Amino acid sequence: MDLLQGTLDMLVLRTLLLGPLHGYGIAKAIRATSNEALDIEFGSLYPALKRLELKGWIASQWEVSELNRRAKFYKLTPVGRKQLSEEHSKWAQFARAVGLIMGPAPEES
């Protein structure tokens, strides 16, 4: 499933609300939480992580992963938490508006 522009940032912030994760862990969590509907490509994820870090919404540090390898772990910052709240409100408004337009599923003819 393709993501709307800007949605990946919101999903990453929401995923990091649960606690620090490395890139692979973020992608895996988004996939699992979406019941396998969203498969985030690393070519999209890592630029998003860099962008979010430059905005100050997430912070990173090198740690040892569960596989005993060095990995960069990302965590939500207080500014990122505030941004997530704003993004959630915008998303809820957007989903309501699209729901009004789409209405119930049309019957097949």
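These figures come from a predicted structure and were not determined experimentally. Position 1 is the first residue of the sequence, and the numbers go up from there.
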K.L.:
Could you tell me which residues satisfy salt bridge (charged side-chain N to carboxylate O under 4.0 Å, His left out) with Glu66, sequence neighbours excluded, listed by chain and number?
P.N.:
none
K.L.:
With sequence neighbours excluded, what pairs up with Ala32 under the side-chain contact (heavy atoms from CB on, under 4.5 Å) test?
P.N.:
none
K.L.:
Between Thr77 (side chain) and Trp57 (backbone), is there a donor-acceptor pair under 3.5 Å?
P.N.:
yes
K.L.:
With sequence neighbours excluded, what pairs up with Ser85 under the side-chain contact (heavy atoms from CB on, under 4.5 Å) test?
P.N.:
none
K.L.:
Taking ring pair (Phe, Tyr, Trp, His ring centres under 6.0 Å) as the definition, give me every residue that meets it alongside Tyr24, ordered by chain and number, with sequence neighbours left out.
P.N.:
none
K.L.:
Nearest 0.5 Å, please: how far is CG in Leu21 from CD1 in Ile26?
P.N.:
5.5 Å
K.L.:
Show your working on side chain to side chain contact (heavy atoms under 4.5 Å, CB included) between Leu45 and Val12 and close with a plain yes or no.
P.N.:
CA-CA 9 Å; Leu45 178 61; Val12 169; 3.8 Å; yes
K.L.:
Output the distance between atom OG (Ser34) and atom CD1 (Ile40), rounded to the nearest 0.5 Å.
P.N.:
7.5 Å
K.L.:
Could you pull out all residues at least two apart from Leu18 that satisfy side-chain contact (heavy atoms from CB on, under 4.5 Å)?
P.N.:
Arg14
K.L.:
Nearest heavy-atom pair of Leu8 and Ala48: which atoms, and what distance?
P.N.:
CD2-CB, 3.8 Å
K.L.:
Give me each pair satisfying salt bridge (Lys or Arg N to Asp or Glu O under 4.0 Å) with a member in residues 51-60, each pair once, sequence neighbours excluded.
P.N.:
Asp9-Arg51
K.L.:
List the atom of Tyr74, the atom of Leu16, and the distance in Å for their closest heavy-atom pair.
P.N.:
O-CD2, 3.3 Å
K.L.:
Using the side-chain contact (heavy atoms from CB on, under 4.5 Å) criterion, which residues pair with Val64? Sequence neighbours excluded.
P.N.:
Asn68
K.L.:
According to salt bridge (charged side-chain N to carboxylate O under 4.0 Å, His left out), who are the partners of Glu36, at least two apart in sequence or on a separate chain?
P.N.:
Arg31
K.L.:
According to the salt bridge (Lys or Arg N to Asp or Glu O under 4.0 Å) rule, which pairs have a member within residues 90-106, sequence neighbours left out?
P.N.:
Glu87-Lys90
K.L.:
Please find the pair of heavy atoms, one from Phe73 and one from His22, that lie closest to each other, and give the distance.
P.N.:
CZ-CD2, 3.4 Å
K.L.:
Going by side-chain hydrogen bond (donor to acceptor under 3.5 Å, both in side chains), name the residues that satisfy it together with Arg81, two or more places apart in sequence or in a different chain.
P.N.:
none
K.L.:
Return each pair, listed once, that meets salt bridge (Lys or Arg N to Asp or Glu O under 4.0 Å) where at least one residue sits in residues 16-29; pairs must be two or more places apart or across chains.
P.N.:
none
K.L.:
Rounded to the nearest 0.5 Å, how far apart are CG of Leu84 and OG of Ser89?
P.N.:
9.5 Å
K.L.:
For Lys72, what residues pass the salt bridge (charged side-chain N to carboxylate O under 4.0 Å, His left out) criterion, not counting sequence neighbours?
P.N.:
none
K.L.:
Between CG of Leu76 and CG of Leu13, what distance do you get to the nearest 0.5 Å?
P.N.:
6.0 Å
K.L.:
What heavy-atom pair brings Ala27 and Phe42 nearest, and what distance separates the two atoms?
P.N.:
CB-CE2, 4.0 Å
K.L.:
Could you tell me which non-hydrogen atom of Ala29 sits nearest to which non-hydrogen atom of Thr15, and how far apart they are?
P.N.:
CB-CG2, 3.6 Å
